[in-house]
Undergrad: 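My questions all concern the structure below.
The first residue of the sequence shown is numbered 1, and numbering continues consecutively from there. Not measured: the values here are computed from a predicted model.
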Amino acid sequence: ISRKDYYIVKNALMPYVEPDPYTKVAPDNKYLVRSLYYDTNDLKAFHERNDGQFGRIKLRIRSYTANPDNDSLVSFELKTKKGNAMVKYSSLVPVSCYYDFEKGNGLSSEDPVLCEFYRLMKVRLLEPQLIVQYRREGYIPRDRDNLRITFDHEVTSAKAKTLFADDLIFKEHRPKNIILEIKCQDKQPDWIRKIVKKYDLKIITNSKYVQGIELV
């Protein structure tokens, strides 16, 4: 959506939502999201996404800081599409575990997400290819827990092989736009459907990974 529509839609949402716990404590109410995406050297996952193949699985490692300390956590994530819905499986590990993994020391086989992440990485010959980074502003309804609304600002990408590289050259995806995502586990409440209809919001395909690869 445009920056103008961002303010309009956000104001319409305010009677029904409140900032999520991460947004509440973040500077300017926006927190950093940095994700390292895996793909083959010939970018098979990128081409599968462009071709719309069903059942594809995306591997990424996510951090909420660009400058981790000893207490920082890193999320290993698997994303897959079931019908029209995206399903995400994730496991948090200390940043020290990520550094060990980065050195080639493998992952714990006791955690099913970590085990599957490592298996897919080896079987499909996946390697780190791209970092996508942005500042997220998240909201949750005041009266329910199955809906989340996020605005992603300043979406950028850089070619990278590690999550915390310090020589990244970021390129901005769409400088004049902000990404609005409405994430609902079941039927959407009437108020969100009315806002979507009133402001003529259209569902569009928006893969940050695909846009980043095309940029870099």
Undergrad: Please find out if less than 6.0 Å separates the ring center of Tyr16 from that of Tyr139.
TA: no

Undergrad: For Tyr98 and Thr162: C-alpha separation, side-chain torsions, deciding distance, then whether side chain to side chain contact (heavy atoms under 4.5 Å, CB included) applies.
TA: CA-CA 10 Å; Tyr98 166 72; Thr162 64; 4.0 Å; yes

Undergrad: Please check this pair: side chain of Arg135 against backbone of Leu32, looking for a donor-acceptor N/O pair closer than 3.5 Å.
TA: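 Side chain of Arg135 to backbone of Leu32: no pair is present.
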
Undergrad: To check you understand the geometry: which heavy-atom pair defines the closest contact between Ala165 and Arg34, and what is its length?
TA: O-NH1, 3.9 Å

Undergrad: For a quick test of reading the model, state the closest non-hydrogen atom pair linking Ile182 to Leu147 and the distance between them.
TA: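 Scanning both residues completely, I find the closest heavy atoms to be CG2-CD1, 3.8 Å.
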
Undergrad: Between Asn146 (side chain only) and Cys184 (backbone N and O only), is there a donor and an acceptor less than 3.5 Å apart?
TA: no

Undergrad: Hydrophobic clusters here meaning ILVMFWY residues chained together by side-chain heavy-atom distances under 4.5 Å, can you tell me if Val216 and Tyr134 are in one?
TA: yes

Undergrad: Judged by atom type as modelled, is there a donor-acceptor pair below 3.5 Å linking the side chain of Asp39 to the main-chain atoms of Ala45?
TA: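 Yes; at least one donor-acceptor contact below 3.5 Å.
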
Undergrad: Nearest heavy-atom pair of Arg3 and Pro175: which atoms, and what distance?
TA: NH2-O, 4.0 Å

Undergrad: Check whether any side-chain heavy atom of Glu77 sits under 4.5 Å from a side-chain heavy atom of Ser35, and report yes or no.
TA: no

Undergrad: Do Leu13 and Ile192 have side-chain heavy atoms sitting under 4.5 Å apart?
TA: yes

Undergrad: For Tyr37 and Arg60, which I'm curious about, is there any donor-acceptor pair between the side chains at under 3.5 Å?
TA: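 Side chains of Tyr37 and Arg60: pair found under 3.5 Å.
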
Undergrad: What pair of heavy atoms forms the shortest contact from Leu163 to Arg62, and how long is it?
TA: CD2-C, 4.4 Å

Undergrad: Under the side chain to side chain contact (heavy atoms under 4.5 Å, CB included) rule, what do Asn41 and Gln129 come out as? Steps first, then yes or no, please.
TA: CA-CA 8 Å; Asn41 284 330; Gln129 301 293 346; 3.5 Å; yes

Undergrad: With a 4.5 Å limit on heavy-atom distance, are the side chains of Phe151 and Thr23 in contact?
TA: no

Undergrad: Please round to the nearest 0.5 Å and tell me the distance separating atom CD1 of Ile178 and atom OG of Ser2.
TA: 8.0 Å

Undergrad: For the CG atom on Asn70, are there more than 12 heavy atoms of other groups (residues, nucleotides or ligands in this structure) within a distance under 6.0 Å?
TA: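 Count not over threshold, so no.
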
Undergrad: In the single-linkage hydrophobic clustering (I, L, V, M, F, W, Y; side-chain heavy atoms under 4.5 Å), do Tyr22 and Leu180 co-cluster?
TA: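 No.
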
Undergrad: More than 12 heavy atoms of other residues, nucleotides or ligands under 6.0 Å from CG of Asn67: yes or no?
TA: no

Undergrad: Does Asp111 have any side chain to side chain donor-acceptor pair (under 3.5 Å) partners at least two apart in sequence or in another chain, and if so, which?
TA: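 Asp111 satisfies side chain to side chain donor-acceptor pair (under 3.5 Å) with Ser91 only.
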
Undergrad: Nearest 0.5 Å please: distance from the CG atom of Leu130 over to the NZ atom of Lys159.
TA: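 Output value for this atom pair is 8.0 Å.
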
Undergrad: When you group the ILVMFWY residues by side-chain heavy-atom contacts below 4.5 Å and let the links chain together, are Ile204 and Ile1 in the same group?
TA: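 Different clusters.
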
Undergrad: Look at the side chain of Arg124 and the backbone N and O of Thr40, then say whether any donor-acceptor pair between them is shorter than 3.5 Å.
TA: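 No.
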
Undergrad: Below 4.5 Å, heavy atoms only, C-beta onward: do Met121 and Phe101 meet side chain to side chain?
TA: yes

Undergrad: First locate atom CD of Gln211, then atom CD of Glu172, and finally report the distance between them rounded to the nearest 0.5 Å.
TA: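 Taking CD in Gln211 and CD in Glu172, the distance rounds to 11.5 Å.
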
Undergrad: Do Phe170 and Ile131 have side-chain heavy atoms sitting under 4.5 Å apart?
TA: yes

Undergrad: Kindly work out whether a path of hydrophobic side-chain contacts (I/L/V/M/F/W/Y, heavy atoms less than 4.5 Å apart) joins Val74 to Leu92.
TA: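 The answer is no; the residues belong to distinct hydrophobic clusters.
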
Undergrad: Please confirm whether His153 and Tyr6 have ring centers closer than 6.0 angstrom.
TA: yes

Undergrad: Any heavy-atom pair between the side chains of Asp20 and Tyr31 that's under 4.5 Å?
TA: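 Side-chain contact under 4.5 Å: yes.
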
Undergrad: Please determine if Glu137 and Lys10 form a salt bridge, counting it only when a charged side-chain N lies under 4.0 Å from a carboxylate O.
TA: yes

Undergrad: How many angstroms lie between atom CG of Leu36 and atom CZ of Phe76, to the nearest 0.5 angstrom?
TA: 9.5 Å

Undergrad: Testing the basics here: between Leu168 and Ala158, what is the closest heavy-atom pair and its distance to 0.1 Å?
TA: CB-CB, 4.0 Å

Undergrad: If you count every heavy atom of other residues, nucleotides or ligands that lies below 6.0 Å from Lys183 atom NZ, does the total exceed 12?
TA: yes

Undergrad: Counting only N and O atoms by type, is there a donor-acceptor contact under 3.5 Å from the side chain of Arg193 to the main-chain atoms of Gln188?
TA: yes

Undergrad: Between Lys208 and Glu181, is the salt bridge (charged side-chain N to carboxylate O under 4.0 Å, His left out) condition met? List the steps.
TA: CA-CA 12 Å; Lys208 297 183 182 81; Glu181 294 183 357; 3.2 Å; yes

Undergrad: Are the side chain of Asp28 and the backbone N or O of Lys30 linked by a donor-acceptor pair below 3.5 Å?
TA: no

Undergrad: List the atom of Pro21, the atom of Ile140, and the distance in Å for their closest heavy-atom pair.
TA: CD-CD1, 4.5 Å

Undergrad: Is it possible for you to say whether Tyr64 and Val25 belong to one hydrophobic cluster, with membership spreading through side-chain heavy-atom contacts below 4.5 Å?
TA: no

Undergrad: Salt-bridge test for Asp42 and Lys44: reply yes if a basic N is under 4.0 Å from a carboxylate O, no otherwise.
TA: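 No salt bridge links Asp42 with Lys44.
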
Undergrad: For residues Asp5 and Tyr199, determine if any side-chain heavy atom of one lies less than 4.5 Å from a side-chain heavy atom of the other.
TA: no

Undergrad: After noting the C-alpha distance and the side-chain angles of Asn206 and Arg174, does the key distance pass the side chain to side chain contact (heavy atoms under 4.5 Å, CB included) rule?
TA: CA-CA 11 Å; Asn206 189 78; Arg174 294 175 175 172; 3.4 Å; yes

Undergrad: State, with a plain yes or no, whether a side-chain heavy atom of Leu78 is found less than 4.5 Å away from one of Leu120.
TA: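 Answer yes - side chains close enough.
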
Undergrad: So, does Lys171 use its side chain to make a donor-acceptor pair with the main chain of Ser157 at under 3.5 Å?
TA: no

Undergrad: Distance from Glu102 atom CD to Ile61 atom CD1, nearest 0.5 Å?
TA: 8.5 Å

Undergrad: Between Tyr38 and Phe117, what is the ring plane arrangement, given parallel below 30°, perpendicular above 60°, and tilted in between?
TA: perpendicular

